[in-house]
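Below is one structure, written out as structure tokens, with a few remarks after it.
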Amino acid sequence: MLAAQQQEQHIGLLGEAVKKDFPLLHTLMNNKPIVYLDSAATSQKPRQVLDAIQRYYEEYNANVHRGIYALSEKATTAYEHARFIIARFINAMPEEIIFTRGTTESLNLIAYTNVKQLRQGQNIVLTQMEHHSNLVPWQQLAKEKGIGVRFIRITPEGRLDMDHAHQCIDHNTKIVSITHISNVLGAVNPVKEIAILAHERGAQDCIVVVDAAQSIAHTPINVKELGCDFLAFSSHKMFGPTGVGILYGRKELLDQMPPFQYGGDMIREVRFEGTTFAELPHKFEAGTPNIAGVIGLAKAVEYIKSIGMEKIQAYEHELTTYALARLQEIDGLTIYGPKTSEQRSGVISFSVHGLHPHDMAQLLDREGICVRGGHHCCMPLMSVLQVSGTTRISLSLYNTKEDIDKLVTAIEAAKQVFYR
Ligand code: PLP
């Protein structure tokens, strides 16, 4: 089959074809049909996920792990089945999956529970493109322990500088924490290579943490292949509800770590004299969890699997190629990050000469187009790029070429308003 025909086939399979599953995409914003280009902030939710959440509340709402009655057993089975589905999705074991509130809490959990293991003279290695969620917890931890944080530089093209990675990671490196895909530059980082480097050259017990917030809905992830020790992501960026996150951790490491929070559900036995803790994964899940959210997330994973991650990736790659080409036709527009779609996601940051990102976002809003303007929780990266903020679009499986065409027309119109 000709490449062009194959391309058209992918385009046909997604975009318009899946839009029907997403009720919100059929609404109006400012009296215009909505064009949603902010999936990096949060994705829209398919009907299948919304129905699963409603079904839980209407048909088997009960607390998990506690009741002896049928309703509670049904809720517990659904909750634990969700853990199994998510484990399989990233090739982990169910006990290696910890439910949290989101990527931010997952990363904080690792930072807090590893405090005691850090020694004077050790260092933590991050990158210049980290989201504040994968920077501030480590910075605080380093401050508390009086140790250094090193930041792997980015190249002028907006990719990770691997020569600098070799310089940063040394025998005193205890933690390497890196984003899989940048939420500003769209660059896909070579996390597998970084994990090998960290395990070969870092301290003997060096751990590799991957922030998968921007990759989990866009690329197949196999934690064994990546070679990471921990992986963090959020349900709401992968078509699931807000308020649920995942922390994957290698069982041997999770077993050694102390609990993050204390309370009900995470204990084995409590006496006035002291407490023993539950086995994995419950040791890390104190209190009543977000049961409906977890059940919704499992449905979101099933939704992704029903389409196929490879198809999603191929479709988004084509859409990103198209978007990069169309945006680069615009006079005065600068793209931050790789300008071609190789090793790149559909997150595209740009600025238009003379237009503040907030003004641009507001003008696009009038046309029904949702984009993000600002520092995207990456203030240190903004200082490297020497800008105060950017305008960012982020594509997902429900976007179409038509969405991009509307965006380009609206940007040209915004320029007319400002350049007049
Ligand atoms: N890491 C990256 C790369 C992100 O893009 C985000 C959110 O935008 C986060 C972490 C934080 O995710 P959450 O707010 O769901 O905890």
Side-chain angles (χ1 to χ4, degrees), residues 36-45 86 98-112 126-140 151-152 154 158-160 175-191 194 208-219 221 226 228 230-248 260 289-290 293-294 296-297 300 316 336-337 344-349 361 370-382 384-385 389-396:
Y36 191 74
L37 296 173
D38 197 19
S39 295
T42 197
S43 66
Q44 293 306 331
K45 322 299 174 201
I86 292 150
I98 314 294
F99 291 121
T100 64
R101 284 191 305 128
T103 308
T104 305
E105 190 173 77
S106 298
L107 293 167
N108 272 279
L109 191 160
I110 314 168
Y112 274 94
L126 310 175
T127 80
Q128 286 183 332
M129 61 172 92
E130 296 312 318
H131 187 282
H132 296 163
S133 296
N134 194 30
L135 194 159
V136 185
W138 304 117
Q139 204 174 42
Q140 290 304 110
F151 296 93
I152 304 172
I154 57 165
R159 295 195 185 275
L160 209 59
I175 296 168
V176 176
S177 193
I178 172 179
T179 191
H180 193 180
I181 295 184
S182 163
N183 66 309
V184 172
L185 305 165
V188 179
N189 286 325
V191 283
I194 292 279
V208 175
V209 181
V210 175
D211 174 351
Q214 294 300 340
S215 54
I216 193 73
H218 306 283
T219 183
I221 291 188
L226 282 185
C228 60
F230 296 95
L231 186 97
F233 55 94
S234 300
S235 150
H236 71 96
K237 294 186 197 286
M238 54 186 300
F239 318 113
T242 51
V244 180
I246 300 295
L247 172 64
Y248 153 80
F260 174 48
N290 185 345
V294 165
L297 169 60
E316 290 182 2
Y336 301 97
R344 198 196 197 297
S345 80
V347 169
I348 306 176
S349 281
C370 309
V371 302
R372 184 55 79 91
H375 54 65
H376 317 295
C377 295
C378 287
M379 289 170 94
L381 176 60
M382 293 298 124
V384 174
L385 299 174
T390 70
T391 304
R392 181 189 75 183
I393 64 161
S394 44
L395 306 171
S396 189

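Counting starts at 1 for both ligands and their atoms, following the listed order. Quick note: residue numbers are just sequence positions, from 1. The structure presented is a predicted model; accordingly, all values stated were derived computationally and were not measured.
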Check whether any heavy atom of [X] sits under 4.0 Å from an atom of ligand 1.
X	value
Lys237	yes
Arg101	no
Asn134	no

Does the side chain of [X] reach to within under 4.5 Å of the side chain of [Y], using non-hydrogen atoms?
X	Y	result
Tyr36	Cys370	yes
Ser235	Ile246	no
Leu160	Gln128	no

Counting both backbone and side chain atoms, is some N or O of [X] under 3.5 Å from an N or O of ligand 1?
X	answer
His236	yes
Ser133	no
Asp211	yes

Identity and separation of the nearest protein heavy atom to [atom]:
atom	answer
atom 5 (O) of ligand 1	Gln214 NE2, 2.7 Å
atom 4 (C) of ligand 1	His131 CD2, 3.3 Å
atom 14 (O) of ligand 1	Thr104 OG1, 3.8 Å

Any idea which atoms of ligand 1 are less than 4.0 Å away from a heavy-atom of [X]?
X	result
Ser234	12 (O), 13 (P), 15 (O), 16 (O)
Thr179	3 (C)
Asn183	5 (O)

Q | Residues in side chain to side chain contact (heavy atoms under 4.5 Å, CB included) contact with Ala212, at least two apart in sequence or another chain | A | Ser215, Ile221, Leu231, Phe233
Q.
Keeping Arg392 on the side-chain end and Asn183 on the backbone end, is there a donor-acceptor pair under 3.5 Å?
A. yes
**Q.** Donor-acceptor contact present, side-chain Ser234 to main-chain Gly102, <3.5 Å
**A.** no
Q. Are His132 and His375 close enough that their ring centers fall under 6.0 Å?
A. yes
Q: Any pair with a residue in residues 370-381 that passes salt bridge (charged side-chain N to carboxylate O under 4.0 Å, His left out), sequence neighbours left out, goes on the list, sorted by first then second residue, please.
A: Asp38-Arg372
**Q.** Per-residue contact class, Thr103 against ligand 1 - non-hydrogen pairs under 4.0 Å
**A.** both
(Q) Is it true that, when you exclude Phe151 itself, more than 12 heavy atoms of the residues, nucleotides or ligands shown sit nearer than 6.0 Å to its CZ? (A) yes
